[in-house]
2 protein chains.
Amino acid sequence: MTAENKKAAEWIKLLQNSGYRQTEARNTIVEVILETNRALEPLEIFEIARKRQAGLGLVTVYRTLERLEALGLVQRVHQPGACNMYLQAPQGHQHLLICTSCGKAEFFNGDDLTPLMETVAARSGYQITEHWFQLFGCCADCQRK
Amino acid sequence: MTAENKKAAEWIKLLQNSGYRQTEARNTIVEVILETNRALEPLEIFEIARKRQAGLGLVTVYRTLERLEALGLVQRVHQPGACNMYLQAPQGHQHLLICTSCGKAEFFNGDDLTPLMETVAARSGYQITEHWFQLFGCCADCQRK
DNA sequence: CTTATAATTGAAAAACACTTTCAATAATAT
DNA sequence: ATATTATTGAAAGTGTTTTTCAATTATAAG
Ligand SMILES: [Mn+2]
Ligand SMILES: [Mn+2]
Ligand SMILES: [Zn+2]
Ligand SMILES: [Zn+2]
């Protein structure tokens, strides 16, 4: 059993514990998300998944993403070109690093933005509750090309 | 002449220098953007502007935003609830601080993310070219309520 | 292994947001 | 004044996401 399969089994289990059923459509959609290292649009997930499961409906992809997001298993990703992309959510507090050439997404941690946020809070009077931070660049593979 | 009117005149002048004409529709749209302290969706701009100029078309709002963005005068803003909002662009390198209650948007500067970005670049092998950073919170006014 | 229950499904239609087309109009230069 | 050309709004078109609904399927109960 690969690491991906293991994780897929975990996700399905979590869905079941929340009262959802295990279905072929969900299995396939979860596999597609877990084996892809970049954020995907619903239509992309649909096209990949339908090759494995003929008859799958795009609407089921939308519905499954909704549930996975509610459980915190996937995360919506905004990019300049598309704002409705989904990616496996990180464990803990991490931020995204996205390759503008191939789309590959990695998480990084270790940002300590607390001092900056305190300064901004003090100056502005805002009570800061959330931050969006995302890096874009060219990955090592794409630099070689 | 208020500060807003002055800025509106500047924007119109910049449009004209780029070969665009001064029209009532553009005047109104520019005024609406400049007097609002939060990011607006095209439809919101349209609804406010049409009260002042009956007959204005939504399509003109889209077209004007496109030109203003190309000139760097307005900036597209992504938020959890809406990804197609527009705001007067900042001067220089600044980031957004947005009130999750009333939507008020302010810019702040003084972030020095260079060390963090260098660390991430070294660890990941990415050549980092861009960063998105945005803070959310509750503004002083909304805290009182 | 049935059977009952309720979630899930995909097709179709609807809603939505945005873009394109086009003929009429209006701003600007001559 | 007149010619030129950008601009306009209505309408149609496009792509995306949501809703509706009857049929199907997963799961629990017997
Ligand atoms: Mn952080
Ligand atoms: Mn910065
Ligand atoms: Zn890459
Ligand atoms: Zn506020």
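Letters go in sequence order (proteins before strands), and every chain restarts at 1. Because only heavy atoms are used, hydrogens play no part in the values below, and waters and symmetry mates are left out as well, while side chains stay in.
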TODO: Provide, to the nearest angstrom, the distance between the CG atom belonging to A:Leu15 and the C1' atom belonging to D:dA26.
DONE: 14 Å
Open item on the list: Is it true that A:Thr28 and A:Gln53 share a donor-acceptor pair across their side chains at a distance under 3.5 Å?
Closed with: yes
TODO: Could you tell me whether B:Gln127 atom CD has more than 12 heavy atoms of other residues or ligands within 6.0 Å of it?
DONE: no
Open item on the list: On DNA chain D, compare the nucleotides closest to B:Gly19 and B:Ala54; which residue's is nearer the 5' end?
Closed with: B:Gly19
TODO: From the options A:Glu35, A:Glu24, A:Glu47, select the one residue that forms a salt bridge (charged side-chain N to carboxylate O under 4.0 Å, His left out) with A:Arg52.
DONE: A:Glu35
Task: Nearest-angstrom distance from the residue atom CD of A:Gln53 to P of C:dT8 - done: 15 Å
Collect all protein-nucleotide pairs involving nucleotides 26-30 of chain C in which both atoms are nitrogen or oxygen and the distance is under 3.5 Å.
from, atom 1, to, atom 2, distance (Å)
C:dA27, O3', B:Gln22, O, 3.4
C:dA27, N3, B:Arg21, NH1, 2.9
C:dT28, OP1, B:Gln16, NE2, 3.0
C:dT28, OP1, B:Gln22, N, 2.8

- [ ] Would you mind reading off the distance between A:Leu65 atom CG and C:dT9 atom P, rounded to a whole angstrom?
- [x] 12 Å
TODO: Measure centre to centre between the rings of B:Trp132 and A:Phe133, then say whether the value is under 6.0 Å.
DONE: no
TODO: Grab the two heavy atoms, one from A:Ala105 and one from B:Tyr126, that are nearest each other, plus how far apart they are.
DONE: N-OH, 4.4 Å
TODO: State yes or no: do B:Leu73 and B:Tyr86 share one hydrophobic cluster built from I, L, V, M, F, W and Y residues joined by side-chain heavy-atom distances below 4.5 Å, directly or via other members?
DONE: yes
Task: Charged N-O contact under 4.0 Å between A:Arg38 and A:Glu44 - done: yes
Task: Within the 6.0 Å centroid threshold, strictly below: B:His93 and B:His131 - done: yes
- [ ] Output yes when at least one side-chain N/O atom of A:Asn84 is less than 4.0 Å from OP1 or OP2 of D:dT16, else no.
- [x] no
Task: 5'-most by nearest nucleotide on DNA chain C - A:Thr64 or B:Pro42 - done: A:Thr64
Open item on the list: Regarding B:Leu56, tell me which of base, sugar-phosphate or nothing describes its non-hydrogen contacts under 4.0 Å with the strands shown.
Closed with: sugar-phosphate
Show me the protein contacts with nucleotides 19-25 of chain C, counting only N or O atoms at under 3.5 Å.
none

Task: Within 6.0 Å of CZ in A:Arg67, more than 12 heavy atoms from elsewhere - done: yes
Open item on the list: Tell me the interatomic distance from B:Asn27, atom CG, to D:dT7, atom C1', rounded to whole angstroms.
Closed with: 13 Å
